[in-house]
Amino acid sequence: MSILDNLNDMQKKAAKLVEGPGLILAGAGSGKTRTITYKIAYMVKEMGIEKENILALTFTNKAANEMKERIKKLMNENTADMQVSTFHSFGVKLLRMYGSNIGFTSNFNIYDTDDSMSIIKKIIKKLVLRNELTPRAYLAKISKLKEDEIMPEDYEKMVNISINANREFYDIYKEYQDELKKSNSMDFSDILYYTKKLTENKRILPILQDRYRYILVDEYQDTNKLQYAIIKNLASKYKNIWVVGDEDQSIYAFRGADISNILNFEKDYDNVNIIRLEQNYRSTSNILNLANSVIKNNMTSLGKKLWTTNEEGKKIVLFDAETPYQEARYIAKVIKLSNRNLNEFAILYRTNYQSRIIEQELLAEGIKSQVYGGLSFYSRKEIKDLMSYLILINNPNDSVNFERAITNPKRKIGAKTIADIVEYANKNNLNYIEALDVNNTAKLKEFKNLMEYLIDFSENNNISSLLQEIIDKTEYLAYIEKEDNYEDRVLNIQELYNSIIEIEKNNTDLKLDEYIQTISLSSSLDDMSDNSVVKLMTIHSSKGLEFETVFLAGFESGLFPNSKSLEDENEIEEERRLLYVALTRAEKELYLTYSKSRMVNGVTIYNKMVSEFFYDMDKNYINHINKIENPYKKPASNVENFNPLKKIKNDSKYKIGQIVIHKSYGKGKVKKVDDKAITVEFSVGEKRIAANLADKFLI
DNA sequence: CCGCTCGATGTTTTT
DNA sequence: CATCGAGCGG
Ligand SMILES: Nc1ncnc2c1ncn2[C@@H]1O[C@H](COP(=O)(O)OP(=O)(O)OP(=O)(O)O)[C@@H](O)[C@H]1O
């Protein structure tokens with residue numbers, strides 16, 4: 001009897017190859033995650049490898065939790081000593097331990113997007129700009145630069161700084177980074193950037209390499225440059241690294257995910273074991289075939305074959321609704337009439353805001369549901385307010401949370417006074433609590449006393465008591481009493497309190513800095529507790545998960561594929577991969593729904609059409625019910641073959657007869673060039689490669 | 001300094 | 001629609 005008895009031959013082979021590098025490149029539902037988790041259990045239980053020598057990384061909190069749970073079950077022991085987490089939490093862990101080597105103390109804070117945004121806004125207001133962008137745009141640019149390891153100093157050297165726009169951007173970027181540094185804080189990109197720096201440190205790297213001897217990465221297709229480099233550095237000594245992924249499920253390009261990381265993996269190490277899995281265990285053949293009919297339209301797809309011995313199952317339902325409410329009521333009705341356990345259902349959508357109406361209509365039918373993701377629990381005002389005290393106590397240099405704490409509840413201290421305090425702090429190298437001495441007013445004295453009292457209190461009490469003390473001493477509840485949703489807010493605060501109690505149960509001397517860092521990386525509802533509720537989430541957060549019945553809501557033009565993506569073939573392909581992910585989450589039943597009308601930014605749009613991707617789908621697997629005729633004429637061409645995503649021209653630099661080298665297929669000869677793709681003959685046969693992606697695959 | 005009103009503005013997706 | 005910032009009166 002081996003743990004591996006429950007794997008098929010190929011999976012077993014992959015699981016047993018413990019030493020050396022390996023890659024599992026396989027389609028959805030073929031058991032990649034299963035293989036990884038079994039492999040880990042096997043390594044520990046049957047190979048005697050120490051848990052602490054294993055590092056298993058993935059991309060989202062949900063996936064990491066899921067993986068941890070599965071391993072725990074298989075091993076039947078806890079996974080506390082094993083690092084199974086997202087890249088970011090792994091990074092934070094290392095930075096806590098070794099950050100002092102690169103100028104951070106271990107109580108650093110993590111700034112989420114809101115925090116970063118407020119810094120940027122402040123900077124913009126202060127500077128006089130001629131070429132002003134939106135704060136959002138600045139942040140996007142900054143995080144892109146960081147992924148390329150271009151810090152402000154590097155940027156200054158890199159661009160022509162006499163150009164006004166460059167100069168202005170540099171000023172903002174520099175100021176932003178200085179502000180983070182002063183606050184002993186990092187944003188999400190910094191976590192990876194500085195983690196990579198640690199893995200380059202001559203003294204620290206060997207320690208890490210010896211600690212994390214066996215590295216496994218799930219969803220490897222979604223790693224970005226920094227993550228790639230971190231892994232590479234850690235693995236360079238023992239080279240025990242297994243990565244798994246599926247290029248058809250790469251859906252985080254907007255965040256810097258680079259598909260060539262997985263496509264080039266075999267070049268990174270000698271003697272890479274490559275395993276392909278082709279049997280899908282998850283879905284009915286109807287679902288699988290439908291998904292295949294979609295993804296094969298992507299020119300980046302390597303065209304893996306996937307088959308299943310599962311039953312054919314029901315056809316996939318397409319439902320036309322007049323309004324989003326009707327769409328949601330239809331879903332609610334199907335769930336209600338099924339009489340099945342609610343946890344068998346998931347409702348997926350492209351954008352978070354779609355969840356509101358669905359949640360509301362489910363509730364109206366008495367169906368319990370849980371929305372995952374979206375506005376994080378920790379980004380609610382009342383939670384942020386209270387957290388700002390904890391953070392300030394932990395790190396009195398934090399400017400963002402200092403401002404938040406001192407102004408909530410209102411203390412008749414405003415912008416002017418705060419600016420004075422900040423300036424005074426900077427000038428005299430004081431933290432913000434010390435700097436409250438800037439003037440002698442009773443207001444400031446009172447706040448200072450409060451904070452000193454709380455800091456003192458925090459030294460002898462646990463975090464839950466500290467939170468209670470903050471609520472009491474600031475009279476926080478009285479402050480929010482007159483706001484809308486007072487009761488909800490109190491419940492949220494209660495939940496915050498309970499969650500701390502919960503953590504303290506398992507970790508009796510939970511440190512404040514550790515607590516703060518942990519929750520900065522979580523959105524509260526990441527753990528998929530097996531409650532009897534219908535789960536609602538974006539397709540992005542559903543990656544790696546599976547459900548008996550999946551509803552894909554808002555399967556309509558403009559929304560999915562998102563209208564913003566239509567300009568760029570790469571983005572359309574990414575949207576199509578997203579659809580592939582959505583479809584392949586379903587085990588038994590799949591419903592696609594869309595609405596003819598939808599309100600966007602306060603304006604209702606009518607006569608909306610089904611998603612362009614519907615025309616990719618093989619209609620043999622579709623059961624189109626409640627067909628609503630469109631008042632507008634359909635295109636004259638045969639609808640079944642009509643593809644609204646007809647491509648745009650592309651002047652190719654490739655010529656017929658030219659010899660090219662493909663990253664996976666090796667040497668080949670160009671046969672045909674058109675505006676969509678080039679056709680190349682390789683030893684393995686003829687392949688079409690998207691024209692605008694050719695550079696990615698051909699050297 | 002605070003809170004209110006009014007007008008401008010705008011969304012993918014997550015850590 | 002709903003969120004955010006500017007501007008104003010108390
Ligand atoms: N050899 C097997 N025997 C029985 N069930 C299997 C086997 N391999 C995989 N499965 C089941 O198939 C389902 C999909 O597996 P898993 O989630 O590991 O796939 P995956 O390749 O990671 O999928 P995705 O890429 O979509 O995340 C799971 O329910 C898993 O338990």
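Just so you know, these numbers use all the heavy atoms, side chains as well, and skip hydrogens, waters and symmetry mates. Every chain is numbered from 1 and lettered A, B, ... according to where its sequence line falls, protein lines coming before strand lines.
- Under the 4.0 Å criterion applied to side-chain N and carboxylate O atoms, A/Arg585 and A/Glu546 are not assigned as salt-bridge partners.
- Proximity note for A/Lys412 (side chain, C-beta onward) versus B/dT11, B/dC2, B/dT15: the nearest is B/dC2.
- In this structure, A/Tyr252 reaches the sugar-phosphate backbone alone: every heavy-atom distance under 4.0 Å involves primed, P, OP1 or OP2 atoms, never a base.
- Between A/Met117 atom CE and B/dT11 atom P the separation is 9 Å, expressed in whole Å.
- One atom, NE2 of A/His540, and another, C1' of B/dT11, lie 13 Å apart when rounded to the nearest Å.
- You'll find that the side chain of A/Tyr353 is closest to B/dT11, out of B/dT11, C/dA6, B/dT14.
- Side-chain N/O atoms of A/Thr417 include one lying less than 4.0 angstrom from OP1 or OP2 on B/dC1.
- Summary of the strand contacts: A/Ala415 and A/Thr134 both lie near DNA chain B, and taking for each the nucleotide with the nearest heavy atom, the more 5' one is attributed to A/Ala415.
- Other residues, nucleotides and ligands place more than 12 heavy atoms under 6.0 Å from the NZ atom of A/Lys181.
- Looking at which nucleotide of DNA chain B each of A/Ile418 and A/Ser520 is closest to, the 5′-most match is held by A/Ile418.
- At a threshold of 4.0 angstrom between heavy atoms, the contacts of A/Gly602 include nucleobase atoms, whether or not backbone atoms are also involved.
- In this structure, A/Leu133 places its CG atom 15 Å from P of B/dT9, rounding to the nearest Å.
- Contact annotation for A/Arg356: backbone-only contact, meaning every heavy-atom pair under 4.0 Å involves sugar-phosphate atoms and none involves a base.
- Candidate nucleotides B/dT15, B/dT13, B/dC1 were compared by shortest atom distance to the side chain of A/Phe188, and B/dT15 ranks first.
- Using a 4.0 Å heavy-atom criterion, one finds that A/Thr113 contacts the bases of the nucleic acid, with or without backbone contacts as well.
- In this structure, CG of A/Asn601 is placed 14 Å from P of C/dC4, rounded to the nearest angstrom.
- Looking at A/Asp218 and A/Thr33, their side chains do bring a donor and an acceptor atom within 3.5 Å of each other.
- At a cut-off of 3.5 Å, with distance as the only test, no side-chain donor of A/Ser379 or A/Asp114 sits close to an acceptor on the other residue.
- Among the nucleotides B/dT15, C/dG5, B/dC1, the one closest to the side chain of A/Lys121 is C/dG5.
- Between A/Lys608 and A/Glu556 there is a salt bridge, since at least one side-chain N of the basic residue sits less than 4.0 Å from a carboxylate O of the acidic one.
- For A/Ile124 and C/dC4, the CD1 to C1' distance is 13 Å, given to the nearest whole Å.
- Across all strands, A/Asp112 comes closer than 4.0 Å to no nucleic acid atom at all (heavy-atom distances).
- A/Glu574 comes within contact range of no nucleotide atom at all, as no heavy-atom separation falls under 4.0 Å.
- Residue A/Phe59 is in sugar-phosphate contact alone, with no base atom involved, counting any heavy-atom pair closer than 4.0 Å across all strands shown.
- One can place CZ of A/Arg255 at 18 Å from C1' of B/dT11, the figure rounded to the nearest angstrom.
- The side chain of A/Lys416 sits closest to B/dC1 out of B/dC1, B/dT13, C/dA6.
- The listed nucleotides are B/dC2, B/dT14, B/dT11; the one nearest the side chain of A/Thr538 is B/dT14.
- No donor-acceptor pair closer than 3.5 Å links the side chain of A/Glu219 to the backbone N or O of A/Gly245.
- In this structure, A/Ile413 reaches the sugar-phosphate backbone alone: every heavy-atom distance under 4.0 Å involves primed, P, OP1 or OP2 atoms, never a base.
- At least one donor-acceptor pair under 3.5 Å links the side chain of A/Asn298 to the backbone N or O of A/Glu573.
- Nearest to the side chain of A/Arg136, among B/dG3, B/dT11, B/dT14, sits B/dT11.
- Using a 4.0 Å heavy-atom distance criterion, A/Glu571 is classed as a base contact.
- Here the side chain of A/Leu521 is nearest to one of B/dC2, B/dT15, C/dA6, namely B/dT15.
- Per the geometry, CD1 belonging to A/Ile406 stands 13 Å off C1' belonging to B/dC1, to the nearest Å.
- To the nearest angstrom, P of C/dG5 lies 11 Å from CG of A/Asp114.
- Nucleic acid contact for A/Arg598: none, since no nucleic acid atom lies under 4.0 Å from a heavy atom of the residue.
- Among the heavy atoms of the strands lying under 4.0 Å from A/Ser541 are primed sugar atoms or P, OP1, OP2 only; no base atom is included.
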